[in-house]
Chemist: 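One structure follows; several queries about it will come next.
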Amino acid sequence: MDPDSVAKAFVEHYYSTFDANRAGLASLYQDGSMLTFEGQKILGSTSIVAKLTSLPFQQCQHHISTVDCQPSGPAGGMLVFVSGNLQLAGEQHMLKFSQMFHLMPTPQGSFYVLNDIFRLNYA
C-alpha cells in the first residue's frame, strides 16, 4: 500500500465530507481520538464531531495546496500534513490553514484519525 496514495485518498475523502456533511466525519474518529482546534483540545469521536458541527459557518470549501505524508511507527500508522485555503460562504477572502492527521490502521484494513491538529495561518 503506497502511503502517498493512501494520504491523497484520505485527504480527498475528509475534506469532501467536511464540506458537504461534517457529521459524516464521525466514522473517521474513535473514542481515543484527539482534535486540537486552534489550541483547544477535544477528546473522543462524539465531542470532536460536536465541535466540528458547531463551527460558526454552515458552508465552506477547502482548496488543498499540499499533502505530505510519512509512515509512523511499527503499527502501520501514518502522519499526513495538509496546507491549503478555506473559502467560507459569503466571504470574499480565503483563509489559509494547516492540518495534521495521525492515521492508524483498523483491523478492517482502513484507517482512523488518532490525532488531528488544525490551525488557521495568519500572515
Chemist: Drop me the distance from H93's NE2 to L88's CG, to the nearest 0.5 angstrom.
Modeler: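 The distance works out to 12.5 Å.
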Chemist: State, to 0.1 Å, how close M104 and A75 come at their nearest heavy-atom pair, and which atoms those are.
Modeler: CE-CB, 3.8 Å
Chemist: Out of curiosity, L35 CG to I42 CD1, how far, rounded to the nearest 0.5 Å?
Modeler: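 Taking CG in L35 and CD1 in I42, the distance rounds to 4.5 Å.
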Chemist: Check whether any side-chain heavy atom of L28 lies under 4.5 Å from a side-chain heavy atom of F101, and answer yes or no.
Modeler: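 In short, these two side chains do not touch, never coming nearer than 4.5 Å.
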Chemist: How would you list, by chain and number, every residue that makes a salt bridge (Lys or Arg N to Asp or Glu O under 4.0 Å) with K96, sequence neighbours excluded?
Modeler: none
Chemist: Looking at S65 and N85, what are the two nearest heavy atoms and their distance?
Modeler: OG-ND2, 4.1 Å
Chemist: Compare every heavy atom of M94 with every heavy atom of Q87, then report the nearest pair and how far apart it is.
Modeler: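 For Q87 and M94, the tightest heavy-atom pair comes out as OE1-CG, 3.0 Å.
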Chemist: As an exercise, state the distance from NE2 of H13 to CG of L25, rounded to the nearest 0.5 Å.
Modeler: 7.0 Å
Chemist: May I ask whether Y122 and I117 are part of the same hydrophobic cluster, defined by side-chain heavy atoms of I, L, V, M, F, W, Y residues being less than 4.5 angstrom apart, directly or through others?
Modeler: no
Chemist: Taking only residues two or more places apart in sequence or in another chain, which ones pass side-chain hydrogen bond (donor to acceptor under 3.5 Å, both in side chains) with S27?
Modeler: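 In terms of side-chain hydrogen bond (donor to acceptor under 3.5 Å, both in side chains), with neighbours along the sequence ignored, S27 is linked to no residue.
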Chemist: The criterion is side chain to side chain contact (heavy atoms under 4.5 Å, CB included); which residues satisfy it with I64, sequence neighbours excluded?
Modeler: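 I64 satisfies side chain to side chain contact (heavy atoms under 4.5 Å, CB included) with V11, Y15, H62, V67, V82, F97 only.
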Chemist: Linking I/L/V/M/F/W/Y whenever their side-chain heavy atoms sit closer than 4.5 Å, directly or via other members, would L86 and F37 fall into one cluster?
Modeler: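 Both belong to a single hydrophobic cluster.
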Chemist: At their closest point, which heavy atom of Y112 faces which heavy atom of P105, and how far apart are they?
Modeler: CE2-O, 4.0 Å
Chemist: Can you tell if the side chain of S33 reaches within under 4.5 Å of the side chain of N115, non-hydrogen atoms only?
Modeler: no
Chemist: Strictly by side chain to side chain donor-acceptor pair (under 3.5 Å), give each pair with a member in residues 50-61 just once, sequence neighbours left out.
Modeler: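 Found Q40-K51.
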Chemist: At their closest point, which heavy atom of G24 faces which heavy atom of T17, and how far apart are they?
Modeler: C-CG2, 3.7 Å
Chemist: To the closest 0.5 Å, what do you measure between CG (D31) and OG (S45)?
Modeler: 7.0 Å
Chemist: Restricting to pairs with a member in residues 68-80, which pass side chain to side chain donor-acceptor pair (under 3.5 Å), not counting sequence neighbours?
Modeler: S72-H102
Chemist: So which of L79, V80, D2, L103 actually passes side chain to side chain contact (heavy atoms under 4.5 Å, CB included) with C69?
Modeler: V80
Chemist: Taking side chain to side chain contact (heavy atoms under 4.5 Å, CB included) as the criterion, tell me which of I48, V113, T106, L114 meets it with Q30.
Modeler: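 Among I48, V113, T106, L114, the one that satisfies the side chain to side chain contact (heavy atoms under 4.5 Å, CB included) with Q30 is T106.
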Chemist: Could you grab the distance from atom NZ of K41 to atom CG of L43, nearest 0.5 Å is fine?
Modeler: 11.5 Å
Chemist: Same hydrophobic cluster for L52 and L120, using side-chain heavy-atom links shorter than 4.5 Å among ILVMFWY?
Modeler: yes
Chemist: Is Y14 close to D116 at the side-chain level, that is, under 4.5 Å between some pair of heavy atoms?
Modeler: yes
Chemist: Would you please name every residue forming a salt bridge (Lys or Arg N to Asp or Glu O under 4.0 Å) with E91, sequence neighbours left out?
Modeler: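 For E91, no residue satisfies salt bridge (Lys or Arg N to Asp or Glu O under 4.0 Å) once neighbours in sequence are set aside.
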